[in-house]
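Notes to accompany the following structure.
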Amino acid sequence: MRFSKMHGLGNDFVVVDDVARAIPEASLPEISRKLNDRHFGVGGDGLILIRPSVENDFQMRMFNPDGTEAEMCGNGIRCFAVYIAEHGLSAKNPLRADTGAGTLILNMEKEGDRVVSVRVDMGAPRNDKTEVPMQGAGPAINVPLCLEGREFLVNGVSMGNPHAVIFLDTLEGFPVEQFGPLVERNPLFPEKANVHFVEQVGANELKMRIWERGAGLTLACGTGACASTVAAVLTGRTGRDVKVNLPGGQLRIEWDEATNHVFMTGPAVEVFAGETDPEFL
């Protein structure tokens, strides 16, 4: 099986062209676990499959390192778009992609044959507890959560996958490794959550650290940057056009008031390509 190693702001993936649908469905969780192992496999934050679509141009499937399937991945969808364009699978621009979060529109900015950035229409965010999902009903804004004697105010946002956004006065010295998994697996989130600890560093600028559901610490999370921007707007912290600084780099997130859609713009690059030993899989 041939693969490419790609990343979006350090959020790295094993990307596989499976347009021929040659990989058995039942094998996907175990293949993801093996490939994403950083000691015994290729290493990555997820496995991304490019597959055919009946209604749109292509379908994206994304599996976490623990073998679970994610509905969507913001950095992954940019890698997906770059692979399709730079490997000649399609010359269309924009592309329409099927994901577990619905159809997404991918616009690519190119310099010659190279894609330098991808602007993704991420659709409308959802902030009701039943849609995140979270326990209870009503808006998921500043929901109190006590963990190990410390109270946090959690903002729930769905970008097709569940996010918990917690604003802090400062990120410096905060133990993300300690509190991230406690929020991810808290009963407040019946389907678990991607967790983001966020500091406001400017009028329209955020800084965040990430604990991803099924992956742990990562350098970037595109849907999480979108969710954090939505939460910042809803809590009166920023406007709707925000720079989000992640450990791996910066994304621009725009929440359009007219359409209620969130737009994410950022890069993705291919690092290397290879093929697996048949006996490995």
Side-chain angles (χ1 to χ4, degrees), residues 1-101 104 106 108-118 120 212 214-215 218-222 248 266-281:
M1 185 177 71
R2 292 197 57 78
F3 66 87
S4 287
K5 181 68 180 291
M6 304 185 70
H7 77 87
L9 302 184
N11 198 192
D12 59 337
F13 306 95
V14 180
V15 181
V16 175
D17 174 358
D18 193 36
V19 171
R21 299 185 67 90
I23 304 174
E25 184 75 19
S27 302
L28 291 174
E30 181 62 18
I31 287 174
S32 183
R33 284 190 287 269
K34 287 184 174 181
L35 287 177
N36 285 301
D37 190 299
R38 296 191 183 276
H39 298 287
F40 297 99
V42 178
D45 293 323
L47 167 66
I48 292 176
L49 297 177
I50 299 169
R51 286 190 157 185
S53 168
V54 174
E55 296 182 356
N56 294 306
D57 298 313
F58 294 93
Q59 179 194 42
M60 184 183 89
R61 300 276 300 277
M62 190 277 192
F63 289 82
N64 291 310
D66 66 357
T68 57
E69 185 169 7
E71 301 92 338
M72 234 296 287
C73 177
N75 292 308
I77 195 73
R78 299 198 314 276
C79 292
F80 171 91
V82 169
Y83 185 101
I84 290 170
E86 294 188 350
H87 283 257
L89 299 187
S90 174
K92 287 186 178 180
N93 190 16
L95 285 169
R96 294 176 61 88
D98 283 341
T99 75
L104 299 185
L106 318 176
M108 288 161 282
E109 180 185 349
K110 294 184 176 182
E111 292 180 358
D113 293 332
R114 181 171 172 266
V115 179
V116 295
S117 71
V118 183
V120 185
E212 283 202 59
T218 60
L219 296 178
C221 178
V269 296
E270 182 171 351
V271 180
F272 64 86
E275 60 183 33
T276 59
D277 186 322
E279 294 184 4
F280 174 70
L281 299 177

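Throughout, numbering of the chain's residues begins at 1 and tracks the sequence.
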Rounded to the nearest 0.5 Å, what separation is found between the [atom1] atom of [X] and the [atom2] atom of [Y]?
{"X": "Leu28", "Y": "Leu35", "atom1": "CG", "atom2": "CG", "result": "10.5 Å"}
{"X": "Cys73", "Y": "Arg78", "atom1": "SG", "atom2": "CZ", "result": "8.5 Å"}
{"X": "Leu104", "Y": "Met60", "atom1": "CG", "atom2": "CE", "result": "7.5 Å"}
{"X": "Thr99", "Y": "Phe80", "atom1": "OG1", "atom2": "CZ", "result": "9.0 Å"}
{"X": "Glu69", "Y": "Asn64", "atom1": "CD", "atom2": "CG", "result": "9.0 Å"}
{"X": "Phe58", "Y": "Leu49", "atom1": "CZ", "atom2": "CG", "result": "13.5 Å"}

Take a 6.0 Å sphere around [atom1] of [X] and say whether it holds more than 12 heavy atoms from other residues, nucleotides or ligands.
{"X": "Phe40", "atom1": "CZ", "answer": "no"}
{"X": "Lys92", "atom1": "NZ", "answer": "no"}
{"X": "Glu111", "atom1": "CD", "answer": "no"}

In the structure I gave you, are the side-chain heavy atoms of [X] and [Y] within less than 4.5 Å of one another anywhere?
{"X": "Pro267", "Y": "Leu9", "result": "yes"}
{"X": "Phe13", "Y": "Asn75", "result": "yes"}
{"X": "Phe280", "Y": "Val42", "result": "no"}

- Item | Asp17 and His87: CA distance, side-chain angles, deciding distance, side chain to side chain contact (heavy atoms under 4.5 Å, CB included) verdict | CA-CA 10 Å; Asp17 174 358; His87 283 257; over 6 Å; no
- Item | Steps toward side chain to side chain contact (heavy atoms under 4.5 Å, CB included) verdict (Glu86, Met108) | CA-CA 11 Å; Glu86 294 188 350; Met108 288 161 282; over 6 Å; no
Restricting to non-hydrogen atoms, name the atom on [X] and the atom on [Y] that form the minimum distance, rounded to 0.1 Å.
{"X": "Gly214", "Y": "Pro65", "result": "O-CD, 3.5 Å"}
{"X": "Gln59", "Y": "Pro52", "result": "CB-O, 3.6 Å"}
{"X": "Met6", "Y": "Glu270", "result": "CG-CA, 3.9 Å"}
{"X": "Gly8", "Y": "Ala220", "result": "O-CB, 3.9 Å"}
{"X": "Gly46", "Y": "Met62", "result": "CA-CE, 4.0 Å"}
{"X": "Gly67", "Y": "Pro29", "result": "O-CB, 3.4 Å"}

Short question: side chain of [X], backbone of [Y] - any donor-acceptor pair under 3.5 Å?
{"X": "Lys5", "Y": "Gly43", "answer": "yes"}
{"X": "Asp277", "Y": "Glu279", "answer": "yes"}
{"X": "Asp18", "Y": "Ala22", "answer": "yes"}

- Who passes side-chain hydrogen bond (donor to acceptor under 3.5 Å, both in side chains) against Glu71, sequence neighbours left out? Arg213
- Message: Asn56: which residues meet the side-chain hydrogen bond (donor to acceptor under 3.5 Å, both in side chains) condition with it, sequence neighbours left out?
- Response: Arg96, Asp98, Thr103
- Start with the C-alpha gap between Asp45 and Arg38, add the side-chain angles, then the distance that decides, and say whether side chain to side chain contact (heavy atoms under 4.5 Å, CB included) holds. CA-CA 9 Å; Asp45 293 323; Arg38 296 191 183 276; 3.0 Å; yes
- Item | Candidate pair Leu47 and Asn36, rule side chain to side chain contact (heavy atoms under 4.5 Å, CB included), full reasoning | CA-CA 7 Å; Leu47 167 66; Asn36 285 301; 3.9 Å; yes
